Student: 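Here's a structure for you.
Position 1 is the first residue of the sequence; numbering continues from there. All values reported here derive from a predicted model rather than from experimental measurement.
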Amino acid sequence: STNEDDASTQADNSSVDWPTIVLKHLDAAKNFIDEHCNEALNDEGKSALKYAALQRFLPQLARLCLKQGSHFAEIGMNEHAMKALNIDLTVTNSCLANIKEEKGRTEKKNEAQMLQNLEADIVVISIESFYLLSTVLQSLGEKQDALGCLDQVEIYMNEKHERDEELHGNTMSDLGSGNDFVFSEDAIGPAKDKADIKNRSQTALTKSRHIHSREKAILSSRKIQLLNDNPSKEDERCIDDQ
C-alpha cells in the first residue's frame, strides 16, 4: 500500500504544471511590490525602502521575468513566455516611471547620478524584453504586434541617445560655468583638470554615438527580417523605407 501511495505521489508530481506555478509566483511577487513598495515610493518618510525598491526589488524581479520568459521561449512555450515578458515589462514601466519622478524631485547630485545609472540599466532590460517578445509574437504569426515591439525598442534607443547628448551638453555647460557636476557613464572617472574632463566627455559621447549607430543598424536588420516573413504589399513598402 505504501508503494502504491509513493507511486501515486510521483505521478502527481510529474503532472504538475510547473510553468503555470512559475508565472503565478512571478505575478504574486509583482503584486507584493505593487502593494508594499509603491507605498514606500509615495512616502518621503520611507526613503530607505523607496530606494531599495528602485535599486533592488524592481530590477531583480524584471531580470527574473526576462530570464524565465527567455527559458519558456527556448523550449517552445510561447504563451507562457508572453505572460512572463508582459509581467517583466509592467515592472520595468513602473520602475522607469518612478525613476523619472524621483529625478524631477531630487536635488542631490549623488542621487541624480544613481537614478541616471539605474534608468540606463532598466532600459537595457526593457529593450531585451521587447526584442524577445517580438520574436515570440512572430512565431505566433502576430507580425504587427511584433513590429510594435521593435518600434518600442527604437523609442528607447532614441531616448537613450538624447540623454547621452544632453549629458555631454550639460557637462560642457558646467565646465564653462564652474558648477559642480556628475557623470553617469562608467567610462568617465573623476578628474579635476577641465581639459581632461572635456576629452573624457567627448570620448564617451563618440563611443555612445557609435553604439547607437550599431544598435540602429541591428534594429533595421531585425525589422527587415520580420517584414520579409511572408511579406504583404504594405510590408514591401516598409522594407524600402528601412
Side-chain angles (χ1 to χ4, degrees), residues 29-30 33 37-38 40-44 46-67 88-132 152-175 179-194 196-216 218-219:
K30 179 184 73 68
I33 291 177
C37 293
N38 284 349
L41 290 169
N42 295 319
D43 189 341
E44 288 298 324
K46 298 181 179 179
S47 58
L49 181 55
K50 173 175 64 178
Y51 285 113
L54 285 177
Q55 290 182 278
R56 294 170 52 199
F57 304 142
L58 288 168
Q60 286 175 358
L61 178 57
R63 292 187 184 96
L64 180 59
C65 290
L66 174 57
K67 180 179 179 180
D88 173 26
L89 291 168
T90 299
V91 171
T92 56
N93 285 342
S94 174
C95 194
L96 288 171
N98 285 308
I99 289 172
K100 183 177 181 180
E101 183 177 341
E102 290 300 312
K103 283 173 65 177
R105 181 185 303 170
T106 187
E107 297 180 355
K108 299 179 180 179
K109 293 289 185 178
N110 60 336
E111 286 185 1
Q113 180 179 13
M114 179 274 291
L115 291 168
Q116 282 186 157
N117 292 336
L118 180 59
E119 183 178 41
D121 290 341
I122 297 299
V123 166
V124 168
I125 297 173
S126 297
I127 288 175
E128 290 180 3
S129 300
F130 273 115
Y131 264 128
L132 180 56
Q152 187 61 51
V153 168
E154 186 169 16
I155 290 173
Y156 278 129
M157 285 182 180
N158 290 337
E159 288 177 348
K160 179 182 181 302
H161 180 63
E162 290 172 3
R163 285 194 298 271
D164 290 338
E165 295 283 343
E166 182 182 6
L167 173 64
H168 176 71
N170 290 341
T171 299
M172 295 299 101
S173 177
D174 288 335
L175 281 173
N179 293 336
D180 293 333
F181 57 88
V182 295
F183 292 105
S184 66
E185 293 288 345
D186 292 337
I188 307 177
K192 295 182 179 179
D193 183 77
K194 286 190 174 183
D196 186 40
I197 294 174
K198 181 178 179 179
N199 289 335
R200 286 168 179 261
S201 180
Q202 186 61 53
T203 298
L205 180 64
T206 301
K207 179 181 177 182
S208 171
R209 287 173 175 172
H210 286 163
I211 292 173
H212 180 68
S213 297
R214 184 173 68 248
E215 289 178 340
K216 291 280 284 187
I218 292 172
L219 177 61

Student: Could you pull out the closest heavy-atom pair between Arg209 and Glu165, with the gap in Å?
Tutor: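 Smallest interatomic distance, heavy atoms only, reads NE-OE2, 2.8 Å.
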Student: Using the side-chain contact (heavy atoms from CB on, under 4.5 Å) definition, which of the options Asn93, Leu54, Leu115 pairs with Asn98?
Tutor: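 By the side-chain contact (heavy atoms from CB on, under 4.5 Å) criterion, Asn98 pairs with just one of Asn93, Leu54, Leu115: Leu54.
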Student: Where do Glu154 and Lys216 land on the side chain to side chain contact (heavy atoms under 4.5 Å, CB included) test, with the steps shown first?
Tutor: CA-CA 8 Å; Glu154 186 169 16; Lys216 291 280 284 187; 2.9 Å; yes
Student: Taking all non-hydrogen atoms of both residues into account, name the closest pair between Ile125 and Asp88 and its distance.
Tutor: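 Looks like CG2-OD1, 3.9 Å.
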Student: So how far is it from Lys30 NZ to Leu58 CG, rounded to the nearest 0.5 Å?
Tutor: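 Answer for the NZ-CG pair, Lys30 versus Leu58, is 11.0 Å.
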Student: Give the minimum heavy-atom separation between Lys103 and Glu119, together with the two atoms involved.
Tutor: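 Residues Lys103 and Glu119, closest heavy atoms: NZ-OE1, 2.8 Å.
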Student: Do you know the tightest heavy-atom contact between Asp164 and Leu205?
Tutor: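 Result for this residue pair: O-CD1, 4.0 Å.
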Student: Do Tyr156 and Val124 make a side-chain contact, defined as non-hydrogen atoms from C-beta onward lying under 4.5 Å apart?
Tutor: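 Contact flag for Tyr156/Val124 side chains = no.
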Student: Going by the rule side chain to side chain donor-acceptor pair (under 3.5 Å), which residues pair with Lys198 if we only count those two or more places apart in sequence or in a different chain?
Tutor: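 Applying side chain to side chain donor-acceptor pair (under 3.5 Å) to Lys198 gives none.
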Student: Going through the checks in order, is the salt bridge (charged side-chain N to carboxylate O under 4.0 Å, His left out) test met by Glu166 and Arg163?
Tutor: CA-CA 5 Å; Glu166 182 182 6; Arg163 285 194 298 271; over 6 Å; no
Student: OG1 of Thr206 to CD1 of Ile211: how many Å apart, nearest 0.5 Å?
Tutor: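 With rounding to 0.5 Å, OG1 (Thr206) is 11.0 Å from CD1 (Ile211).
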Student: If you measure from OG on Ser129 to CD on Gln152, what distance do you get to the nearest 0.5 Å?
Tutor: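 That separation rounds to 11.5 Å.
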Student: Name the orientation class of the two ring planes belonging to His212 and His161 (parallel below 30°, tilted from 30 to 60°, perpendicular beyond 60°).
Tutor: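 Geometry flag for His161 against His212: parallel rings.
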Student: Out of curiosity, Gln113 CD to Lys108 NZ, how far, rounded to the nearest 0.5 Å?
Tutor: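 With rounding to 0.5 Å, CD (Gln113) is 14.5 Å from NZ (Lys108).
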Student: Under the rule for side chain to side chain donor-acceptor pair (under 3.5 Å), what residues qualify as partners of Gln55, not counting sequence neighbours?
Tutor: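 With sequence neighbours excluded, Gln55 shows a side chain to side chain donor-acceptor pair (under 3.5 Å) to no residue whatsoever.
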Student: At what distance, to the nearest 0.5 angstrom, does CZ of Phe130 lie from CG of Leu219?
Tutor: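 Here the interatomic distance stands at 12.5 Å.
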Student: If every non-hydrogen atom of Leu89 is compared with every non-hydrogen atom of Ser126, which pair is closest and at what distance?
Tutor: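 Here Leu89 and Ser126 meet closest at CD2-O, 4.1 Å.
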Student: To the nearest 0.5 Å, how far apart are CG in Leu118 and CD in Glu111?
Tutor: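 Rounded to the nearest 0.5 Å, the CG-CD separation comes to 12.5 Å.
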Student: Which pair of non-hydrogen atoms, one from Ile122 and one from Ile99, has the smallest distance, and what is that distance?
Tutor: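 In this case the closest contact between Ile122 and Ile99 is CG1-CD1, 4.3 Å.
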Student: Sequence neighbours left out, what passes side chain to side chain donor-acceptor pair (under 3.5 Å) with Gln60? Give chain and number order.
Tutor: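 Gln60 satisfies side chain to side chain donor-acceptor pair (under 3.5 Å) with no residue once adjacent residues are dropped.
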Student: Tell me whether Lys67 at atom NZ has more than 12 heavy atoms from other residues, nucleotides or ligands lying less than 6.0 Å away.
Tutor: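 Open.
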